Engineer: 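This structure is in structure tokens; I'll ask about it shortly.
Below, chains carry the letters A, B, ... as their sequence lines are ordered, and counting in each starts from 1. Quantities reported herein were computed from a predicted structural model and do not represent experimental measurements.
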Protein chains: 2
Amino acid sequence: MFSIGELSRRTNVKVPTIRYYEESGLLDAPERTEGNQRRYDAAGLERLSFIKHARDLGFSIEAIAALIELQGHPDRSCAEANDIATAQLSDVRAKIKRLRALEKELVRISNGCDGGGVTEDCYVLASLSDHGLCERDH
Amino acid sequence: MFSIGELSRRTNVKVPTIRYYEESGLLDAPERTEGNQRRYDAAGLERLSFIKHARDLGFSIEAIAALIELQGHPDRSCAEANDIATAQLSDVRAKIKRLRALEKELVRISNGCDGGGVTEDCYVLASLSDHGLCERDH
DNA sequence: TCTTGAACCTCTAGTCACTAGAGATCGTAT
DNA sequence: ATACGATCTCTAGTGACTAGAGGTTCAAGA
Ligand SMILES: [Zn+2]
Ligand SMILES: [Zn+2]
Ligand SMILES: [Zn+2]
Ligand SMILES: [Zn+2]
């Protein structure tokens with residue numbers, strides 16, 4: 001049995017975030033001391049580690065809630081778990097694609113200016129004013 | 001002189017977003033009709049196009065405010081504009097780097113499961129429970 | 001000129017995943 | 001017994017919008 005601060009230290013999840021996860025329904029409400037302080041056990045630690053890992057991989061709170069629900073029914077098909085992971089992968093890939101396009105334009109934009117001029121002639125400001133200078137859409 | 005709806009159509013920025021930009025200080029408060037409706041001119045359109053383009057490239061409202069401020073002083077050094085663009089580029093690159101690491105793990109995770117099993121044996125759920133299965137940190 | 005109805009106005013609240021702070025209580029070590 | 005860090009609840013703030021309520025104005029057709 002350990003305190004919320006101890007749980008925080010062991011998982012690298014901040015105390016207010018742990019309380020937020022409880023409020024959001026991701027963590028079960030733990031036992032309390034007589035003085036109303038939370039006391040966690042190994043199951044609580046394991047659950048929070050799962051959540052932390054999923055968050056680190058970019059899953060939303062909603063997706064994590066669904067995954068936890070599935071975990072609670074060991075005999076159910078894992079098709080939905082696979083769907084959630086696949087959706088997360090597509091999401092990440094879409095973000096990468098967009099960011100790579102932005103990266104290209106930003107390289108062009110910042111290469112066009114050495115910071116030694118005057119704002120009136122600045123290629124950064126000109127580029128932002130005129131999307132026609134861009135090589136592609138974003 | 002045109003209405004906020006017309007400005008919205010010409011820039012592909014939604015009406016409430018335009019009002020939000022005004023409230024945030026990115027857009028000057030425009031003239032009003034006798035009935036209190038906003039009326040924009042070419043300068044307003046140009047300004048909003050600038051903001052839209054910068055937002056599309058991922059610049060924050062705060063960064064855009066700084067860029068607009070610089071634009072208003074044509075004889076000032078453009079070093080700061082260059083700094084802002086360079087910072088934005090680093091930011092985008094950092095995001096790409098993180099997302100690529102996530103992508104790798106997610107490929108492994110979703111390849112490890114065909115959705116045909118049972119949650120108890122699901123590689124997706126096992127991977128989320130155990131960061132030790134990951135090839136790197138995130 | 002009158003009427004209709006789309007567009008406009010302000011204001012509040014909701015989104016996501018936290019983060020910060022106030023003010024009060026608890027637990028533990030000396 | 002006292003001190004003091006940790007914990008409690010509650011509210012509000014973040015960024016960049018989005019949604020909705022309830023009311024007013026504009027412009028076009030009859
Ligand atoms: Zn420059
Ligand atoms: Zn562009
Ligand atoms: Zn599976
Ligand atoms: Zn991992």
Side-chain angles (χ1 to χ4, degrees), chain A residues 1-27 29-40 44 47-48 50-68 84 87-88 91-92 95 98 102 138, chain B residues 1-27 29-40 44 47-48 50-68 84 87-88 91-92 95 98 102 138:
Chain A
M1 287 309 222
F2 38 89
S3 71
I4 196 167
E6 180 64 21
L7 182 62
S8 169
R9 249 165 275 129
R10 293 201 204 179
T11 55
N12 281 316
V13 176
K14 287 176 190 155
V15 168
T17 305
I18 297 173
R19 291 198 274 250
Y20 169 73
Y21 288 160
E22 180 183 330
E23 204 191 34
S24 311
L26 291 190
L27 284 176
E31 285 181 46
R32 300 273 182 146
T33 61
E34 275 189 38
N36 199 36
Q37 299 194 357
R38 292 168 177 81
R39 285 298 176 268
Y40 295 90
R47 168 69 67 85
L48 183 55
F50 180 94
I51 295 166
K52 171 73 155 69
H53 195 210
R55 285 294 301 132
D56 285 348
L57 287 164
F59 288 88
S60 70
I61 298 286
E62 196 187 351
I64 296 170
L67 290 166
I68 287 172
I84 290 172
Q88 176 60 16
D91 201 69
V92 165
K95 281 184 175 135
R98 168 153 188 272
L102 297 196
H138 4 253
Chain B
M1 287 308 222
F2 39 89
S3 70
I4 197 168
E6 180 63 21
L7 182 62
S8 169
R9 249 165 275 127
R10 293 202 204 178
T11 55
N12 280 317
V13 176
K14 287 177 190 155
V15 168
T17 305
I18 297 173
R19 290 198 273 249
Y20 169 72
Y21 288 159
E22 180 183 330
E23 204 190 34
S24 310
L26 291 190
L27 284 176
E31 285 180 46
R32 300 273 184 146
T33 62
E34 272 191 40
N36 199 36
Q37 298 194 358
R38 291 168 179 83
R39 285 298 175 268
Y40 295 90
R47 168 71 66 86
L48 182 55
F50 180 94
I51 296 167
K52 170 74 156 66
H53 196 209
R55 286 293 302 133
D56 285 348
L57 287 165
F59 289 88
S60 70
I61 297 286
E62 197 187 349
I64 296 171
L67 290 166
I68 287 172
I84 291 171
Q88 176 61 17
D91 200 71
V92 165
K95 281 184 176 138
R98 169 153 188 271
L102 297 195
H138 3 254

Engineer: Is NZ or CZ of A:Arg10 both nearer than 6.0 Å to the six-membered ring centre of A:Phe2 and within 45° of the ring axis?
Structural biologist: yes
Engineer: Test side chain to side chain contact (heavy atoms under 4.5 Å, CB included) on A:Leu48 and A:Tyr40; report intermediate values, then the result.
Structural biologist: CA-CA 10 Å; A:Leu48 183 55; A:Tyr40 295 90; over 6 Å; no
Engineer: So, is B:Arg19 close to the C:dC9 phosphate, meaning a side-chain N or O under 4.0 Å from OP1 or OP2?
Structural biologist: yes
Engineer: If you check every side-chain atom of B:Asn36, which of C:dA17, D:dC8, C:dT10 has the closest atom?
Structural biologist: C:dT10
Engineer: Choose from C:dC8, C:dC18, D:dT9 the nucleotide whose nearest atom is closest to any side-chain atom of B:Ile4.
Structural biologist: C:dC8
Engineer: Provide, to the nearest angstrom, the distance between the CD1 atom belonging to A:Ile18 and the C1' atom belonging to C:dA17.
Structural biologist: 15 Å
Engineer: From the set C:dT10, C:dC8, D:dA6, return the single nucleotide nearest to any side-chain atom of B:Arg32.
Structural biologist: C:dT10
Engineer: In this structure, how many angstroms lie between the P atom of D:dA16 and the CZ atom of B:Phe59, rounded?
Structural biologist: 13 Å
Engineer: What is the distance from NZ of B:Lys52 to P of D:dA16, rounded to the nearest Å?
Structural biologist: 15 Å
Engineer: Of the nucleotides C:dC18, C:dC9, D:dA16, which has the atom closest to the B:Arg55 side chain?
Structural biologist: D:dA16
Engineer: Quick one: label A:Thr33 by what it contacts on the DNA or RNA (base, sugar-phosphate, nothing), any heavy atom closer than 4.0 Å.
Structural biologist: sugar-phosphate
Engineer: Tell me which of A:Lys14 and A:Gln37 sits closer to the 5' end of DNA chain C, going by the nucleotide each one is nearest to.
Structural biologist: A:Lys14
Engineer: Could you check how far CD1 of B:Ile61 sits from C1' of D:dT14, rounded to whole Å?
Structural biologist: 13 Å
Engineer: As a test of reading the structure: which of D:dT9, C:dC9, C:dT19 is closest to the side chain of A:Arg38, going by heavy atoms?
Structural biologist: D:dT9
Engineer: In whole angstroms, how far is the P atom of D:dC8 from the CD atom of A:Glu31?
Structural biologist: 14 Å
Engineer: In this structure, how many angstroms lie between the C1' atom of D:dA6 and the CG atom of A:Leu7, rounded?
Structural biologist: 14 Å
Engineer: Report yes or no: does A:Ser8 contribute a side-chain atom to a donor-acceptor pair with the main-chain N or O of A:Ile4 at less than 3.5 Å?
Structural biologist: no
Engineer: Without decimals, in angstroms, what is the distance between A:Glu34 CD and D:dC8 C1'?
Structural biologist: 16 Å
Engineer: Could A:Arg38 and A:Glu31 be called an ion pair, given the rule that one side-chain N must be under 4.0 Å from one carboxylate O?
Structural biologist: no
Engineer: Is the shortest distance from a Lys or Arg side-chain nitrogen in A:Glu6 or A:Arg9 to a carboxylate oxygen in the other one below 4.0 Å?
Structural biologist: yes
Engineer: Which nucleotide in the set C:dC8, C:dC18, D:dT7 lies at the smallest distance from any side-chain heavy atom of B:Ser3?
Structural biologist: C:dC8
Engineer: Please state how far atom CG in A:Leu26 lies from atom P in C:dA17, giving the value in whole angstrom units.
Structural biologist: 9 Å
Engineer: Tell me which of A:Gly35 and A:Tyr21 sits closer to the 5' end of DNA chain C, going by the nucleotide each one is nearest to.
Structural biologist: A:Tyr21
Engineer: Closest approach to the side chain of A:Tyr20, judged atom by atom: which nucleotide of C:dA17, D:dT9, C:dC9 is it?
Structural biologist: C:dA17
Engineer: From D:dT18, C:dG27, C:dT10, pick the nucleotide closest to the side chain of A:Arg39?
Structural biologist: C:dG27
